[in-house]
Amino acid sequence: MTGMNRFWRLESYPNGTDFASGIQLREEAVPDIGDNQLLVRNLWLSLDAGTRMWLTPRTDSYMDPTPLGSKIIGFVLGQVVESRHPGYKAGDIVRAYGQWADYSVLYPDMGDIWIVDAIADMRQHFAVLGPNGWTAYVGLTEYGRVRPGETVLVSAAAGATGLLAAQFAKAMGCRVIGIAGGAAKCALLTDRYGLAAAIDYKSDDLAARLAALAPGGIDCFFDCVGGDILDTVLPAMAMNGRIAICGLISTYDKAERVGPHNFDLILMKRLTVAGFFSPDFYFRGGEINRLTAPWLESGVVRMEFDVTTSLENTLDAYGKLFSGGNIGKVMVDLSAE
Ligand SMILES: NC(=O)c1ccc[n+]([C@@H]2O[C@H](COP(=O)([O-])OP(=O)(O)OC[C@H]3O[C@@H](n4cnc5c(N)ncnc54)[C@H](OP(=O)(O)O)[C@@H]3O)[C@@H](O)[C@H]2O)c1
C-alpha cells in the first residue's frame, strides 16, 4: 500500500510524566506486511494508564519493557485494509494491541485481537464491553468477592476503570463510595452515578471521611491508586475485608518502591490483598459481556469519554491520566484522519 504512516516512537524512557522527553512522532512509508499479518487503519486509540509500565526499563513488571526505537504499543480499534491471515478480511473491524500510529501491523496468532460488532458507540468496545469493563468485573468478583449489601470503596472512581467498577458494584447490590480528585468529579459520582458518597482525596480528610461514612468498615476496596491512599484505607477496612489491587498509578513514576506503612493491619484485620492483571482474563471477555451488555442497554451502567482528536495530540491526552485531567475513558479519535 502507498502513503505515509505517522507513529509514536520510544526514543528513551520518559522522565516521570514528561512523556515528550522520551516519545517522538515519526513518519515512514506505510509498512508492508508479511504472512499471517494484518494492516489496520486505526480509528481509535485507547489510552491506558498501565501502558506506563512498559515505557520503563524495569524488567520485573507485568510486561517486558518496550525496546528503545520501537513504536508505542497500545489498544486500538481499526479497520483491516490488507489481510494476509486466513481468519481476517479487508473491512473487518478489530480491537487489538496495535501501535500509536495511523496504521497498525497486527499479528493475530499472538492473540489479544477480536473482530468486533458494529454498535451504536464503538468506544464501548474498550469501556463497558472491553478491557476496562473486564478489569472492573474480574477485580470485583474474583478478587473483591463482593456480595450484595457490602460496602465497596473504589479509588480513581471517576476514571475509566474505577467508574466501571463503581457502577458494576452498585449493580451487584453493593453500597459504593468513590474516591476522586476534586469537587466536580465527586459531584459527578454522587449526582449522576448515584454513588452513596464520594471523597475528594485532594481536600477532604480521607481517614475521617471513611470513619464517618463506613463505621463498620470497608468490605472491599477496589484500588486503582496505591501509595498514600492505600495506606490510609487499610485502617478503615472491615475484618476479613478484601483489597483488589487493580493499579498503583500514584507510584508508576516513582524511582523507589512505596509502602504501605500500615502493612501489619493485613494480619490484624485478616485482610485478603490480591493483585490481578486483566489480560490473564481476556479469554473471559465474551462471558463477562453477556452479563454487562444488558446493564449498558438498560442504562444501569454508562460511561464518560474524554476524546482527543488527531494523532499528534496523543501525548497530551495520555498525560491526563496522570494529572487527573480526564473524566472517564481517555481516547484518541483518528477516524477523520
Ligand atoms: N490490573 C489491570 O489489569 C489493570 C487494567 C486496567 C487498568 N488498571 C489500572 O487502573 C488504574 C486506572 O487506569 P485507567 O487506565 O482506567 O485510568 P483512569 O482511571 O481513566 O485515569 C487515571 C486516574 O487516576 C487518578 N490519579 C492519577 N494520579 C494519581 C495520584 N498520584 N493519586 C491519586 N489518583 C491519581 C486520576 O484521577 P483523580 O483526578 O481522581 O486523581 C486519573 O484520572 C491504573 O492504576 C491502571 O494501571 C489495571
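Predicted, not measured: the structure shown is a model, and the values here were computed from it. First listed ligand is number 1; within each ligand, the first listed atom is number 1. Numbers for residues simply follow the sequence, beginning at 1.
One finds a salt bridge joining Arg6 and Glu337 here, because a Lys/Arg side-chain nitrogen approaches an Asp/Glu carboxylate oxygen to under 4.0 Å.
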Anything under 3.5 Å between a donor and an acceptor, one on a side chain of residues 205-225, the other on a protein residue two or more places apart or in another chain? List them.
from: Asp205; atom 1: OD1; to: Ala207; atom 2: N; distance (Å): 3.2
from: Asp205; atom 1: OD1; to: Ala208; atom 2: N; distance (Å): 3.1
from: Arg209; atom 1: NH2; to: Ala198; atom 2: O; distance (Å): 3.1
from: Asp219; atom 1: OD2; to: Thr151; atom 2: N; distance (Å): 2.8
from: Asp223; atom 1: OD1; to: Ser155; atom 2: OG; distance (Å): 2.6
from: Asp223; atom 1: OD1; to: Val225; atom 2: N; distance (Å): 2.9
from: Asp223; atom 1: OD1; to: Gly226; atom 2: N; distance (Å): 3.2
from: Asp223; atom 1: OD2; to: Gly226; atom 2: N; distance (Å): 3.0

Do any side-chain atoms of residues 237-248 form donor-acceptor pairs under 3.5 angstrom with protein atoms, and if so which ones, sequence neighbours left out?
from: Arg242; atom 1: NE; to: Gly144; atom 2: O; distance (Å): 2.8
from: Arg242; atom 1: NH2; to: Gly144; atom 2: O; distance (Å): 3.2
from: Arg242; atom 1: NH2; to: Arg145; atom 2: O; distance (Å): 3.1
from: Arg242; atom 1: NH2; to: Glu150; atom 2: OE1; distance (Å): 2.5
from: Arg242; atom 1: NH2; to: Glu150; atom 2: OE2; distance (Å): 3.2

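Protein residues having at least one heavy atom under 4.0 Å from any atom of ligand 1 are Asp48, Ala49, Gly50, Asn132, Thr135, Ala156, Gly159, Ala160, Thr161, Ala180, Gly181, Lys185, Tyr201, Cys224, Val225, Cys246, Gly247, Leu248, Ile249, Ser250, Tyr252, Phe276, Phe277, Ser278, Leu321, Phe322, Gly324, Asn326, Gly328, listed by chain and number.
For Phe305, there are no ring pair (Phe, Tyr, Trp, His ring centres under 6.0 Å) partners two or more places apart in sequence or in a different chain.
Checking side-chain atoms of Asn5 against main-chain N and O of Asp102 turns up a donor-acceptor pair under 3.5 Å.
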If you apply the rule side chain to side chain donor-acceptor pair (under 3.5 Å), what do you find for Ser203 with Asp200, and how did you get there?
CA-CA 6 Å; Ser203 62; Asp200 174 3; 2.7 Å; yes
